[in-house]
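Working notes for the structure below.
Counting starts at 1 for both ligands and their atoms, following the listed order.
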Amino acid sequence: MTAQSYHADLLIDLGAIRRNVTVLSGLARNSGARTMAVVKSDGYGHGAVHVARAALEAGADSLGVATLDEALRLREAGFTVPLLCWLYTADVDFAPAIAADIDLSASSSGELRRIAAAAAAQGRTARVHLKIDTGLSRNGSPAELWPVLVEEAAKAQADGHVEVVAVWSHLACADEPGHPSIDQQAHRFQRAYEQARAAGLTPIRHLANSAAVLTRPDLHFELVRPGIAVYGLDPVPQHGDHGLRPAMTFRSSVVLTKRIEAGESVSYGQLWTAERATTLALVPVGYADGVPRTLSGRMSVWLAGKRRPVVGRVCMDQLVVDCGDDAVAVGDEVVLFGPGDRGEPTAAEWAEKIGTIHYEIVTGMYRPRVSRTVVDSREPA
Ligand SMILES: *Cc1c(COP(=O)(O)O)cnc(C)c1O
């Protein structure tokens, strides 16, 4: 087998996506809930189209994205399942979304009216999810305006312009199991649901993100909306091992090796100096390819069978690995992060080192110079 040399490549394992969705949709099914796989921001950087396909194969029933453009692109790619989007600009045109049978979130009477008007103009019925703000204070209707919103929605439904599919909300602190806000939000959510019922609506409910899917079966209701866990990154690792497998591996390959003498320094600023003669490996990825420059001096890579330190500054296009006296060769594969089972670093490890969350690491990796290779491991779960 001839190894291919990678400049900067994201290996996306659809087998891992399927396995994760099997876990998540299994938990949902135990509570009688369906599963919406969230594939916003291009599938958290993994590629929305192939992730969506794998997720639907493994037990997801519907898809969720943030923007209308993201939803329309999935329809164009041929997905016919229910597809929800929830974030619009002031001048949004709902007509293409309604024509494409996209479920639309409404957080205000204004949004609802514009959705209903666009549906009426096409002689169609728009599928609407009414969003209540239960404590995140992002979008969603404030509780004071909710009774008016549900009354107007009931009227628009009676007129045939909208079908109120769901009442929904989003949790602020689900990744901190036991946080008092979770029960408070659940309580406010239940109240909003009862008000919708009292207005004559018969919506389903959905509230749970990945963390709540994993830790709060009582909050699964009729539908759950996992995102990050679909990609195998656990938002609540402190809660135990959920059997998730990271789907993204970031890899490159050695483009040059050289010996340097003791006393020679490496990279901009000459921040690192060899204490003895050593072999360096040059890897053609840098901060332009998603390697945070703030990891300079405190990261390692998997190369030639073990973890080895990156020495000196991470540059825009390159970084340098200290290989001691070991044999490394041009063309050798370099794994910057992956699932972690060979001992390579993980996206979670990068995130912890630079003070962020693994969500931000993976969603920021796909860039103009970075390729994506999709594989389907079909390994037993
Ligand atoms: C991103 C998002 C999700 C998924 O959240 P995860 O923490 O990634 O599981 C669910 N619902 C809404 C509204 C979102 O914006």
Side-chain angles (χ1 to χ4, degrees), residues 16-17 20-21 23-25 27-28 33-46 48 51-52 55 60-71 74 82-88 102-107 111 128-141 165-177 179 181-182 185-186 189 192 204-217 219-239 242 244 246-248 347-348 351 356-364:
I17 299 280
N20 300 328
V21 173
V23 169
L24 297 162
S25 62
L27 291 170
R34 293 180 161 240
T35 300
M36 171 188 292
V38 177
V39 295
K40 62 191 179 187
S41 192
D42 200 19
Y44 290 44
H46 294 65
V51 167
D61 309 281
S62 61
L63 301 170
V65 291
T67 71
L68 216 59
D69 279 354
E70 292 179 311
L74 287 170
L83 174 49
L84 172 67
C85 74
W86 53 72
L87 195 59
Y88 324 113
I102 290 164
D103 288 18
L104 296 166
S105 174
S107 288
E111 272 179 3
V128 170
H129 297 231
L130 297 176
K131 188 165 195 187
I132 175 77
D133 181 1
T134 53
L136 189 59
S137 302
R138 290 195 326 200
N139 59 15
S141 165
V165 176
V167 164
W168 74 300
S169 192
H170 194 40
L171 294 167
C173 306
D175 58 350
E176 298 174 55
H179 194 286
S181 70
I182 302 170
Q185 285 195 263
F189 186 61
I204 64 160
R205 292 162 290 177
H206 52 98
L207 178 65
N209 57 5
S210 296
V213 177
L214 295 169
T215 64
R216 291 294 300 260
L219 301 183
H220 288 179
F221 301 109
E222 289 77 42
L223 179 69
V224 298
R225 303 188 311 271
I228 196 72
V230 166
Y231 307 93
L233 299 174
D234 196 327
V236 278
Q238 72 275 26
H239 179 263
H242 301 108
L244 301 172
M248 179 185 284
T356 185
I357 53 177
H358 45 40
Y359 293 69
E360 186 180 357
I361 300 295
V362 292
T363 53

Completion exercise
of all protein heavy atoms, closest to atom 1 (C) of ligand 1 is K40 NZ, 1.4 Å
Exercise for the section: List the atom of C85, the atom of I102, and the distance in Å for their closest heavy-atom pair. Expected result: SG-CG2, 4.1 Å
Practice task
Could you tell me whether some N/O pair between G227 and ligand 1 is separated by less than 3.5 angstrom?
Solution key: yes
Problem - V230 vs V38 side-chain heavy atoms within contact, under 4.5 Å - result: no
Problem - Protein heavy atom at shortest distance from atom 12 (C) of ligand 1 - result: H170 CE1, 3.4 Å
Fill in the blank from the handout: among protein heavy atoms, the one nearest atom 9 (O) of ligand 1 is S210 OG, 2.5 Å
Handout entry: Residue pair V23 / H242: nearest heavy atoms and the distance that separates them
Key = CG1-O, 3.7 Å
Problem - Numbered atoms and elements of ligand 1 in range of Y44, under 4.0 angstrom, heavy atoms - result: 1 (C), 4 (C), 5 (O), 6 (P), 8 (O)
Problem - side chain to side chain donor-acceptor pair (under 3.5 Å) against H206, all qualifying residues, sequence neighbours excluded - result: H129, R225
Exercise for the section: Just jot down the ligand 1 atoms closer than 4.0 angstrom to any heavy atom of I228, in number order. Expected result: 6 (P), 8 (O), 9 (O)
Practice task
Considering non-hydrogen atoms only, spot the tightest contact between I182 and P177 and give its length.
Solution key: CD1-CA, 4.4 Å
Practice task
Measure the shortest side-chain to side-chain distance between Y231 and V51 over non-hydrogen atoms and say whether it is less than 4.5 angstrom.
Solution key: yes
Practice task
Only heavy atoms count here, so choose which of R138, H206, R225 is nearest to atom 10 (C) of ligand 1.
Solution key: R225
Problem - Contacts of A186 that satisfy side chain to side chain contact (heavy atoms under 4.5 Å, CB included) - sequence neighbours left out - result: L219
Exercise for the section: Have a look at ligand 1 and work out which part of W168, if any, has a heavy atom under 4.0 Å from it: side chain, backbone, both or neither. Expected result: side chain
Problem - Closest protein heavy atom to atom 7 (O) of ligand 1, given as residue, atom name and distance to 0.1 Å - result: Y359 OH, 2.6 Å
